[in-house]
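Read the structure below first, then the notes.
A, B, ... follow the sequence lines: proteins, then strands. Residue 1 opens every chain. Reckoned from all heavy atoms, side chains included, excluding hydrogens, waters and symmetry mates.
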Amino acid sequence: MANISIDTHCHTLLQNQFQNIFDEEFITEICRSGHLKKFTAENTLMNIGDEMKYFPLILEGSLKILTEDNDGRELLLYYLEAGDTCVITLALDQSKKSRIRAIAEEFTQVLFIPVNKMDEWMVKHKHWRYFVMKTYSHRLNEMLGAIDTLAFHNMDDRLLKYLRDKAMKTGNNEIHNTHAQIANDLHSSRVVISRIMAKLEIDGQIKYGRNKIELLKF
DNA sequence: ACATTAAGTGATT
DNA sequence: AATCACTTAATGT
(Lines give C-alpha, C1' and ligand atoms only; values in the text may rest on other atoms or scores of the structure.)
Protein backbone atom coordinates (compact mmCIF):
# COMPACT_ATOMS: atom_id res chain seq x y z
CA MET A 1 0.00 0.00 0.00
CA ALA A 2 2.64 2.46 1.09
CA ASN A 3 4.73 1.75 -1.98
CA ILE A 4 1.89 2.36 -4.34
CA SER A 5 1.06 5.74 -2.81
CA ILE A 6 4.72 6.86 -2.93
CA ASP A 7 4.99 5.75 -6.55
CA THR A 8 1.93 7.68 -7.64
CA HIS A 9 3.17 10.71 -5.74
CA CYS A 10 6.49 10.57 -7.57
CA HIS A 11 4.76 9.89 -10.84
CA THR A 12 2.53 12.91 -10.44
CA LEU A 13 5.50 15.15 -9.72
CA LEU A 14 7.30 13.84 -12.79
CA GLN A 15 4.25 14.41 -14.92
CA ASN A 16 3.96 17.99 -13.73
CA GLN A 17 7.47 18.70 -14.90
CA PHE A 18 7.93 16.50 -17.92
CA GLN A 19 4.64 15.52 -19.47
CA ASN A 20 5.33 17.70 -22.49
CA ILE A 21 8.83 16.34 -23.02
CA PHE A 22 8.70 12.64 -22.21
CA ASP A 23 6.11 10.00 -23.02
CA GLU A 24 4.11 8.22 -20.38
CA GLU A 25 6.14 5.03 -20.59
CA PHE A 26 9.45 6.79 -20.03
CA ILE A 27 8.09 8.80 -17.11
CA THR A 28 7.11 5.55 -15.49
CA GLU A 29 10.61 4.20 -16.08
CA ILE A 30 12.20 7.30 -14.52
CA CYS A 31 9.88 6.94 -11.57
CA ARG A 32 10.84 3.29 -11.09
CA SER A 33 14.59 3.96 -11.43
CA GLY A 34 14.99 6.63 -8.80
CA HIS A 35 14.20 7.18 -5.19
CA LEU A 36 12.51 10.32 -4.00
CA LYS A 37 13.88 12.40 -1.14
CA LYS A 38 12.48 15.47 0.53
CA PHE A 39 14.51 18.35 1.91
CA THR A 40 13.74 21.53 3.78
CA ALA A 41 15.52 24.88 3.58
CA GLU A 42 19.27 24.78 4.26
CA ASN A 43 19.48 20.98 4.04
CA THR A 44 22.64 19.87 2.26
CA LEU A 45 21.83 17.17 -0.21
CA MET A 46 25.23 16.75 -1.75
CA ASN A 47 28.63 17.84 -0.56
CA ILE A 48 32.09 18.40 -1.98
CA GLY A 49 33.96 15.15 -1.99
CA ASP A 50 30.86 12.99 -1.91
CA GLU A 51 30.95 10.07 -4.26
CA MET A 52 28.51 10.49 -7.08
CA LYS A 53 26.44 7.37 -7.38
CA TYR A 54 23.26 9.24 -8.22
CA PHE A 55 22.33 12.32 -10.14
CA PRO A 56 19.47 14.50 -8.98
CA LEU A 57 16.32 15.42 -10.84
CA ILE A 58 14.56 18.30 -9.11
CA LEU A 59 10.81 17.75 -9.02
CA GLU A 60 9.77 20.53 -6.68
CA GLY A 61 11.45 23.50 -5.04
CA SER A 62 14.97 24.77 -5.74
CA LEU A 63 18.61 24.24 -4.88
CA LYS A 64 21.67 26.42 -4.85
CA ILE A 65 24.91 25.05 -6.18
CA LEU A 66 28.19 26.22 -4.64
CA THR A 67 31.90 25.57 -4.81
CA GLU A 68 34.49 26.20 -2.18
CA ASP A 69 37.96 27.72 -2.31
CA ASN A 70 41.03 26.50 -0.41
CA ASP A 71 40.05 28.41 2.69
CA GLY A 72 36.64 26.85 2.71
CA ARG A 73 34.77 29.93 1.59
CA GLU A 74 31.77 29.51 -0.63
CA LEU A 75 30.90 30.85 -4.03
CA LEU A 76 27.45 30.56 -5.50
CA LEU A 77 27.48 29.10 -9.00
CA TYR A 78 23.83 28.96 -9.90
CA TYR A 79 20.38 27.85 -8.88
CA LEU A 80 18.55 24.70 -9.92
CA GLU A 81 14.81 24.63 -10.03
CA ALA A 82 12.02 22.14 -10.60
CA GLY A 83 12.53 20.38 -13.91
CA ASP A 84 16.29 20.80 -13.82
CA THR A 85 18.94 18.19 -13.39
CA CYS A 86 22.45 18.77 -12.16
CA VAL A 87 24.52 18.39 -15.30
CA ILE A 88 27.90 19.14 -13.82
CA THR A 89 27.33 16.07 -11.72
CA LEU A 90 27.70 14.24 -15.00
CA ALA A 91 31.06 15.79 -15.77
CA LEU A 92 32.78 13.36 -13.43
CA ASP A 93 36.50 12.96 -13.13
CA GLN A 94 38.08 9.59 -12.37
CA SER A 95 37.60 9.93 -8.63
CA LYS A 96 33.86 10.21 -9.15
CA LYS A 97 33.84 12.80 -6.40
CA SER A 98 31.53 15.77 -6.45
CA ARG A 99 33.20 19.15 -6.81
CA ILE A 100 30.14 21.05 -5.77
CA ARG A 101 27.78 21.37 -2.86
CA ALA A 102 24.01 21.47 -3.24
CA ILE A 103 21.81 23.07 -0.62
CA ALA A 104 18.01 23.25 -0.61
CA GLU A 105 16.61 26.77 -0.64
CA GLU A 106 13.11 25.78 0.39
CA PHE A 107 11.01 22.63 0.64
CA THR A 108 12.38 20.56 -2.21
CA GLN A 109 11.74 17.10 -3.61
CA VAL A 110 14.50 15.43 -5.54
CA LEU A 111 14.53 12.15 -7.41
CA PHE A 112 17.92 10.45 -7.17
CA ILE A 113 18.75 8.32 -10.17
CA PRO A 114 21.74 5.95 -10.44
CA VAL A 115 24.35 7.40 -12.79
CA ASN A 116 24.43 4.30 -14.98
CA LYS A 117 20.86 5.12 -16.01
CA MET A 118 22.21 8.25 -17.61
CA ASP A 119 24.27 6.27 -20.13
CA GLU A 120 21.44 3.92 -20.78
CA TRP A 121 18.87 6.66 -21.40
CA MET A 122 21.22 8.75 -23.49
CA VAL A 123 21.31 6.02 -26.12
CA LYS A 124 17.81 4.69 -25.64
CA HIS A 125 15.70 7.84 -25.43
CA LYS A 126 16.23 10.70 -27.81
CA HIS A 127 13.97 13.00 -25.78
CA TRP A 128 16.18 12.41 -22.77
CA ARG A 129 19.22 13.22 -24.89
CA TYR A 130 17.64 16.50 -26.01
CA PHE A 131 16.68 17.31 -22.45
CA VAL A 132 20.21 16.78 -21.16
CA MET A 133 21.75 18.76 -24.02
CA LYS A 134 19.37 21.61 -23.44
CA THR A 135 20.07 21.82 -19.71
CA TYR A 136 23.76 21.47 -20.46
CA SER A 137 23.84 24.50 -22.71
CA HIS A 138 21.59 26.41 -20.37
CA ARG A 139 23.94 25.87 -17.42
CA LEU A 140 26.98 26.62 -19.52
CA ASN A 141 25.50 29.96 -20.43
CA GLU A 142 24.78 30.74 -16.82
CA MET A 143 28.32 29.82 -15.86
CA LEU A 144 29.70 32.10 -18.55
CA GLY A 145 27.54 34.86 -17.17
CA ALA A 146 28.89 34.17 -13.69
CA ILE A 147 32.47 34.31 -14.94
CA ASP A 148 31.70 37.55 -16.71
CA THR A 149 30.40 39.26 -13.58
CA LEU A 150 33.28 37.86 -11.54
CA ALA A 151 35.95 39.04 -13.93
CA PHE A 152 34.61 42.33 -15.15
CA HIS A 153 32.24 43.73 -12.58
CA ASN A 154 32.70 45.15 -9.11
CA MET A 155 30.94 44.04 -5.96
CA ASP A 156 28.22 46.68 -6.30
CA ASP A 157 27.06 45.22 -9.59
CA ARG A 158 27.41 41.67 -8.40
CA LEU A 159 25.29 42.39 -5.34
CA LEU A 160 22.59 44.09 -7.41
CA LYS A 161 22.57 41.19 -9.84
CA TYR A 162 22.33 38.76 -6.94
CA LEU A 163 19.35 40.62 -5.51
CA ARG A 164 17.62 40.87 -8.88
CA ASP A 165 18.15 37.17 -9.58
CA LYS A 166 16.73 36.29 -6.22
CA ALA A 167 13.75 38.59 -6.62
CA MET A 168 13.13 37.18 -10.08
CA LYS A 169 13.33 33.63 -8.83
CA THR A 170 10.88 34.13 -5.98
CA GLY A 171 8.68 36.60 -7.82
CA ASN A 172 8.98 38.93 -4.85
CA ASN A 173 11.06 42.07 -4.52
CA GLU A 174 11.57 41.43 -0.83
CA ILE A 175 14.55 39.28 -0.02
CA HIS A 176 14.83 37.66 3.37
CA ASN A 177 18.52 37.11 3.96
CA THR A 178 21.14 38.46 6.30
CA HIS A 179 24.10 40.40 4.97
CA ALA A 180 26.32 37.60 6.22
CA GLN A 181 24.50 34.96 4.16
CA ILE A 182 24.73 37.08 1.04
CA ALA A 183 28.41 37.70 1.70
CA ASN A 184 28.90 33.94 1.79
CA ASP A 185 27.14 33.41 -1.51
CA LEU A 186 29.15 36.14 -3.18
CA HIS A 187 32.43 35.09 -1.67
CA SER A 188 32.72 38.38 0.17
CA SER A 189 32.53 39.54 3.75
CA ARG A 190 29.64 40.79 5.82
CA VAL A 191 31.13 44.24 6.39
CA VAL A 192 31.59 44.84 2.68
CA ILE A 193 28.02 43.81 1.88
CA SER A 194 26.65 46.03 4.65
CA ARG A 195 28.54 49.01 3.29
CA ILE A 196 27.38 48.47 -0.27
CA MET A 197 23.83 48.04 1.00
CA ALA A 198 24.03 51.40 2.71
CA LYS A 199 25.27 52.94 -0.51
CA LEU A 200 22.51 51.34 -2.58
CA GLU A 201 19.90 52.60 -0.16
CA ILE A 202 21.18 56.16 -0.51
CA ASP A 203 21.05 55.70 -4.29
CA GLY A 204 17.39 54.73 -3.92
CA GLN A 205 17.98 51.29 -5.43
CA ILE A 206 16.90 49.37 -2.35
CA LYS A 207 15.39 49.71 1.09
CA TYR A 208 16.39 47.38 3.84
CA GLY A 209 16.10 46.41 7.47
CA ARG A 210 17.09 43.50 9.61
CA ASN A 211 16.76 40.28 7.62
CA LYS A 212 15.01 42.05 4.79
CA ILE A 213 15.99 43.77 1.57
CA GLU A 214 13.45 45.41 -0.69
CA LEU A 215 14.40 45.96 -4.30
CA LEU A 216 13.01 49.26 -5.54
CA LYS A 217 14.32 49.44 -9.09
CA PHE A 218 14.58 46.70 -11.69
C1' DA B 1 16.30 41.92 32.15
C1' DC B 2 19.56 39.32 29.73
C1' DA B 3 21.68 36.80 25.84
C1' DT B 4 22.02 36.35 21.08
C1' DT B 5 22.26 37.79 16.49
C1' DA B 6 22.26 41.43 12.79
C1' DA B 7 24.10 45.49 11.22
C1' DG B 8 27.10 49.99 11.66
C1' DT B 9 31.73 52.25 12.08
C1' DG B 10 36.71 53.51 12.04
C1' DA B 11 41.16 52.07 11.39
C1' DT B 12 44.52 49.14 9.04
C1' DT B 13 46.39 46.34 5.22
C1' DA C 1 37.83 44.96 -1.07
C1' DA C 2 38.90 42.44 3.14
C1' DT C 3 39.69 42.02 8.06
C1' DC C 4 39.76 43.45 12.91
C1' DA C 5 37.90 45.19 16.87
C1' DC C 6 34.36 47.39 18.78
C1' DT C 7 29.53 49.65 19.08
C1' DT C 8 24.69 49.89 18.46
C1' DA C 9 20.23 48.06 17.45
C1' DA C 10 16.77 44.48 17.03
C1' DT C 11 14.93 40.08 18.60
C1' DG C 12 14.19 36.02 21.30
C1' DT C 13 13.75 33.80 26.06
Please report, rounded to the nearest Å, how far the C1' atom of C:dA2 is from the CG atom of A:Asp156. 15 Å

Protein-nucleotide distance (A:His176, atom NE2; B:dT5, atom C1'), rounded to Å: 18 Å

Is it the case that A:His9 and A:Gln109 place a side-chain donor and acceptor less than 3.5 Å from each other? yes

Is there a donor N/O on one and an acceptor N/O on the other, under 3.5 Å, for the side chain of A:Arg210 and the base of B:dT5? yes

Where the side chain of A:Arg190 is concerned, which of C:dA10, B:dG8, C:dA1 is the nearest nucleotide? B:dG8

With no hydrogens and no angle check, do the side chains of A:Ser62 and A:Glu106 hold a donor and an acceptor under 3.5 Å apart? yes

With hydrophobic residues grouped by side-chain heavy-atom distances under 4.5 Å, do A:Met143 and A:Ile58 end up in a single group? yes

Side-chain atoms of A:Val191 come closest, of B:dG8, B:dA6, C:dC4, to C:dC4

Take atom NE2 of A:His179 and atom C1' of C:dT3, then tell me their distance rounded to the nearest Å. 18 Å

Among A:Phe131, A:Trp121, A:Phe18, exactly one meets ring-ring contact (aromatic ring centres under 6.0 Å, His included) together with A:Phe26. Which residue is that? A:Trp121

In whole angstrom, what separates A:Lys212's NZ from C:dT11's C1'? 15 Å

Below the 4.0 Å mark, does C:dA2 have OP1 or OP2 next to a side-chain nitrogen or oxygen of A:Ser188? yes

Rounded to the nearest angstrom, tell me the gap between atom CG in A:Asn177 and atom C1' in B:dA7. 14 Å

Residues in contact with DNA chain B, drawn from residues 194-208 of chain A - heavy-atom cutoff 4.0 Å: A:Ser194, A:Arg195, A:Tyr208

To the nearest angstrom, the CG-C1' distance between A:Leu159 and B:dA7 comes to 14 Å

With respect to the side chain of A:Thr178, which nucleotide from C:dA2, B:dT9, B:dA7 is positioned closest? B:dA7

Check whether more than 12 heavy atoms from other residues, nucleotides or ligands sit under 6.0 Å from atom CD of A:Glu25, and answer yes or no. no

Integer-rounded Å distance: C:dA2 P and A:Ile193 CD1: 8 Å

Main-chain N/O of A:Asp157 paired with A:Asn154 side-chain donor or acceptor, under 3.5 Å: yes

Aromatic plane relationship, A:Phe112 with A:Tyr54 - under 30° parallel, 30 to 60° tilted, over 60° perpendicular: perpendicular

When you get a sec, tell me which of C:dT3, C:dA1, B:dA6 is the closest nucleotide to the side chain of A:Asn211? B:dA6

